[in-house]
2 protein chains.
Amino acid sequence: MAFSYKDKKVIGIGIVSELTGLSERKIRYYEERKLIFPDRSKGGTRKYSFDDVERLVDIANKMEDGMQTFEIRREEMKKTDVRDKMLRGQLNAAFKIRK
Amino acid sequence: MAFSYKDKKVIGIGIVSELTGLSERKIRYYEERKLIFPDRSKGGTRKYSFDDVERLVDIANKMEDGMQTFEIRREEMKKTDVRDKMLRGQLNAAFKIRK
DNA sequence: CGTGTAAGGAATTCTGACACG
DNA sequence: CGTGTAAGGAATTCTGACACG
């Protein structure tokens, strides 16, 4: 089952602010810097998931450690990159076996 | 760990309406009939949990089956009552053992 | 009883900008 | 660069009531 409440984007920015302790300004800024990607309602209000909340707490910790937004983004991209490579490796392996 | 995202009251009524397919009117009415108990923000807006969303879907099904709100409430209270009795039973058992 | 709706107001969120640094 | 804030507007939600049945 690939379903989880953790990635359902249903939380407004006010609640996210309460949950994370971050100002709404910061939360919107981290989105501007491509660190977080909320959904939007029809009307345009941002909706976050619990995963997003966790990620924001993580971001907040890194910011406290003096890291800059672009560094955090770079780090995130590296993770995604590694995942992609592993996935590609598995696909390649599967492909070779079937040859 | 007694923590779960499922019972964090963080979802606005608009999203709950989308998630359940129920009108906001119905959702507020079921609260009036004591079937559901959202939290409130400082400003007074209702906040629901994923558990509440599941419960609402359950309520919706029973309403479709022609059940009335008071019957659904009675059924819920029975469940709570059973849980209470079991808990009390265990406590009594534990108490006797220690005597 | 259960639910839709129009009404008026209040709370929430949005964007773009200025400020400081 | 990262974040606070005042500004004006738009989207969201609230309550109490009338309606139908």
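Residue numbers begin at 1 in each chain, while the letters A, B, ... track the order of the sequences.
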**Q** Could you please name the option among C:dT3, D:dG2, C:dT12 that lies closest to any side-chain atom of A:Q68?
**A**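 Looking only at heavy atoms from C-beta outward on A:Q68, the closest nucleotide is D:dG2.
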**Q** Examine C:dT3: is either OP1 or OP2 under 4.0 Å from a nitrogen or oxygen in the side chain of B:Y30? Give yes or no.
**A**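 Answer is yes, contact under 4.0 Å.
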**Q** Counting runs of three or more consecutive pairs, Watson-Crick or G-U wobble, with each distance below 3.5 Å, where are the stems of DNA chain D?
**A**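 For DNA chain D the paired stretches long enough to count as stems (3 pairs minimum) are C:2-5 with D:17-20, C:17-20 with D:2-5.
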**Q** B:K47 has an atom NZ; how far is it from atom C1' of C:dT12, in whole Å?
**A** 8 Å
**Q** Taking atom P of D:dG2 as reference, at what distance in whole Å does atom CD1 of A:I27 sit?
**A** 16 Å
**Q** For this output row, return yes or no: ring centroids of B:F50 and A:Y5 closer than 6.0 angstrom.
**A**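 B:F50 vs A:Y5: aromatic centres under 6.0 Å.
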**Q** Side chain of B:T69 only, please: which of D:dT13, D:dG4, C:dG2 is the nearest?
**A** C:dG2
**Q** Please report the interatomic distance CD1(B:I36) to CD(B:E76), rounded to the nearest 0.5 Å.
**A** 9.0 Å
**Q** Under 4.0 Å: is that the gap between some side-chain N or O of B:R28 and OP1 or OP2 of D:dC14?
**A**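 The answer is yes; a side-chain N or O of B:R28 sits under 4.0 Å from OP1 or OP2.
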**Q** Does A:Y29 put a side-chain nitrogen or oxygen below 4.0 Å from OP1 or OP2 of D:dT3?
**A**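 For D:dT3, OP1/OP2 do not have a side-chain N/O of A:Y29 under 4.0 Å.
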**Q** Report yes or no: do B:I59 and B:M67 belong to one cluster of Ile/Leu/Val/Met/Phe/Trp/Tyr joined by side chain heavy-atom distances under 4.5 Å?
**A** yes
**Q** Taking the side chain as everything from C-beta on, heavy atoms only, tell me whether B:K9 gets closer than 4.5 Å to B:D52.
**A**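 In contact.
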**Q** When the distance from CD of B:E18 to C1' of D:dT13 is rounded to whole Å, what number comes out?
**A**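 Interatomic distance, CD of B:E18 to C1' of D:dT13: 14 Å.
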**Q** Which comes earlier along DNA chain C counting from the 5' end, the contact point of A:R25 or that of B:E24, where each point is its nearest nucleotide?
**A**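 Taking each residue's closest nucleotide, the earlier one in sequence belongs to B:E24.
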**Q** Quick one: pull up CG in A:D51 and NZ in A:K6 and give me the separation to the nearest 0.5 Å.
**A** 4.5 Å
**Q** Expected output is a numbered-order residue list: members of residues 33-42 of chain B with a heavy atom under 4.0 Å from any atom of DNA chain D. What is it?
**A**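 Heavy-atom cutoff 4.0 Å gives B:R40.
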**Q** For D:dC14 and B:R46 - does any side-chain N or O of the residue sit under 4.0 Å from the phosphate oxygens OP1/OP2?
**A** yes
**Q** Between P on C:dG2 and CE on B:M67, what's the gap in Å once rounded to a whole number?
**A**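 Distance check: B:M67 CE to C:dG2 P gives 12 Å.
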**Q** Please report the distance, rounded to the nearest Å, between CD1 in B:I13 and C1' in C:dT13.
**A** 18 Å
**Q** How many whole angstroms separate atom CD1 of A:I59 from atom C1' of D:dT3?
**A**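 It works out to 15 Å between those atoms.
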**Q** Under the criterion salt bridge (charged side-chain N to carboxylate O under 4.0 Å, His left out), which of B:R40, B:R25, B:R73 is the partner of B:E31?
**A**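 In the set B:R40, B:R25, B:R73, the residue that makes a salt bridge (charged side-chain N to carboxylate O under 4.0 Å, His left out) with B:E31 is B:R40.
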**Q** Go through A:D39 and A:R46 one step at a time and tell me if the salt bridge (Lys or Arg N to Asp or Glu O under 4.0 Å) criterion holds.
**A** CA-CA 6 Å; A:D39 277 358; A:R46 273 167 267 251; over 6 Å; no
**Q** Rounded off to whole Å, could you give me the CD1-to-C1' distance for the A:I11 and C:dT13 pair?
**A**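 Distance check: A:I11 CD1 to C:dT13 C1' gives 16 Å.
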**Q** If you measure from CG on A:L22 to OG on A:S17, what distance do you get to the nearest 0.5 Å?
**A**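 Answer for the CG-OG pair, A:L22 versus A:S17, is 7.0 Å.
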**Q** Could you tell me the separation between the CD atom of B:Q68 and the CZ atom of B:R33, rounded to the nearest 0.5 Å?
**A**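 Interatomic distance, B:Q68 CD to B:R33 CZ, rounded to 0.5 Å: 8.5 Å.
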